[in-house]
Amino acid sequence: MPDTAHQEYDLLSVQNEDFDVAYEYAQLRENNSQDGAIVFFSGLVRDFNQGNDVTGLFLEHYPAMTEKALEKIIVQAKERWPINRVRLIHRVGQLYLSDQIVFVGVSSSHREAAFEACHFIMDYLKKQAPFWKKETTKKGDWWVESLEKDQKALDKWQKDE
Amino acid sequence: MPDTAHQEYDLLSVQNEDFDVAYEYAQLRENNSQDGAIVFFSGLVRDFNQGNDVTGLFLEHYPAMTEKALEKIIVQAKERWPINRVRLIHRVGQLYLSDQIVFVGVSSSHREAAFEACHFIMDYLKKQAPFWKKETTKKGDWWVESLEKDQKALDKWQKDE
Amino acid sequence: MINIVFFAQLREQLKCDQLKLDIPTPCKVSDVQQAIVNENPQWAQYLTDRALMCAVNQDMVQSDTMVNAGSEVAFFPPVTGG
Amino acid sequence: MINIVFFAQLREQLKCDQLKLDIPTPCKVSDVQQAIVNENPQWAQYLTDRALMCAVNQDMVQSDTMVNAGSEVAFFPPVTGG
């Protein structure tokens, strides 16, 4: 049962700008005495990936498709778990070491639902949203390879059904 | 492999005072270009629980045991998943509607490990840390009943092994 | 001599938060429980609740765990934190 | 006429980010792929990579999905966001 009082707090944004986790958390909490659980995930540019010393990365995406793909994932999560607010931000463009890449925050009355929905959204985003990372390393720039384990992470949610 | 550079950022606190999620998040990120994933859970006093309109709650604990029990749970999580930093705060005493009760933040190089370890810590905390909630409602004060589903949440982690 | 502590609704039901118990040790947690009831028969209904949890020296234990002299034994209802 | 777009390393390999394709419709995604290769045989090694993903009108699809005139068909390597 989606609650319209929560919808104005939902967010889906694909942006160049950085985001502020404190603000996002506040938006999940504000006027929300109904939800006892907030789970969030934040993804950062790390220094070591697939055997390389990373100094930064460029995030390409498919502008006409990105938000549509992310919206679908959020709709699936809302159909599957009793969650109320979802805030999802994914950055694109040039990023540097330790920069924030992605934020997914979920509020729910139920701890289990908040954990699972947040995890589900990240797993699906990794495999179904049109983003591509090109890493800058001291040895040159290259495109990040898609990982087998990310497909396995997705399969897990299908087995659960 | 615990990394000593991370240990100074670990936190375990049982306290009356409120906490600041933005500060906790900053402590998980600071000088940490190794970890690409941060997951956190925040638990809040919600308005409706076990059929009652809640206006607040009092959190009792067993002071000599509480930190020891929480420390054990964190040690188990660190043995089981490749996580680096863990920050856990649980409040005690008188709390009111929408107040923050508990914070668990985990950093890792791996998204899956951060999600699972954070979830595991919360599930175990719910069943193995000596806290008791007495809710204040308009119809009177009563002790919160322990829930069957919290035991099931725990069993899930044992089946996985 | 062992030290007994009670928490939450159990503490309220017994109207007691701690007591000293003189009992031959080592003994089982269930023996401690029985000895408390023997000294305070009016507590029987509360202390025989099978859902009660127990900690010995601040570690959760089962009722057949052995208790040594000088230990702290805690009884309390299922926990509800988080 | 359908509009074709390429992304990421595929776009770099082909040195092309979009093109128009005149092909009888409706047809399958795999027909679109084959028609592109027929017009650009030097792209065969990149466009026949079985790991390639495809979207039609911004929805992920399989290679037997039907494509109508005026559609936008995107080819790209497995995604790596998050």
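Scope of the values below: all heavy atoms of this structure, side chains included, with no hydrogens, waters or symmetry mates. Chain A is the first sequence line, chain B the second, and so forth, proteins listed ahead of strands; every chain is numbered from 1. It should be emphasised that the depicted structure is a prediction, and the values quoted were computed from it without experimental measurement.
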K.L.:
Does CD in Q62(C) sit with more than 12 non-hydrogen atoms of other residues, nucleotides or ligands closer than 6.0 Å?
P.N.:
no
K.L.:
Please work out whether the ring planes of F7(C) and Y62(B) are parallel, tilted or perpendicular, with thresholds of 30° and 60°.
P.N.:
tilted
K.L.:
Where is the tightest heavy-atom contact between P130(B) and V79(C), given as atom of each residue plus distance?
P.N.:
CA-CG1, 3.7 Å
K.L.:
Does the side chain of M65(B) come within less than 4.5 Å of M60(C)'s, by heavy atoms?
P.N.:
yes
K.L.:
Nearest 0.5 Å, please: how far is CD in Q9(C) from CD in E60(B)?
P.N.:
9.0 Å
K.L.:
What residues form a ring-ring contact (aromatic ring centres under 6.0 Å, His included) with Y46(C), not counting sequence neighbours?
P.N.:
none
K.L.:
Please flag which part of K68(B) lies under 4.5 Å from any non-hydrogen atom of chain C: side chain, backbone, both or neither.
P.N.:
side chain
K.L.:
Measure the spacing between CD of Q58(C) and CD of E67(B) and express it to the nearest 0.5 Å.
P.N.:
12.0 Å
K.L.:
Any heavy-atom pair between the side chains of P77(C) and W143(B) that's under 4.5 Å?
P.N.:
no
K.L.:
Heavy-atom distance under 4.5 Å to chain C: side chain of A69(B), backbone, both or neither?
P.N.:
neither
K.L.:
Below 4.5 Å from any heavy atom of chain C, which atoms of K134(B) appear? Answer side chain, backbone, both or neither.
P.N.:
side chain
K.L.:
Once you round to the nearest 0.5 Å, how far does CG of L59(B) lie from OG1 of T80(C)?
P.N.:
7.5 Å
K.L.:
With only heavy atoms counted, which part of A55(C) is less than 4.5 Å from chain B, the side chain, the backbone, both or neither?
P.N.:
side chain
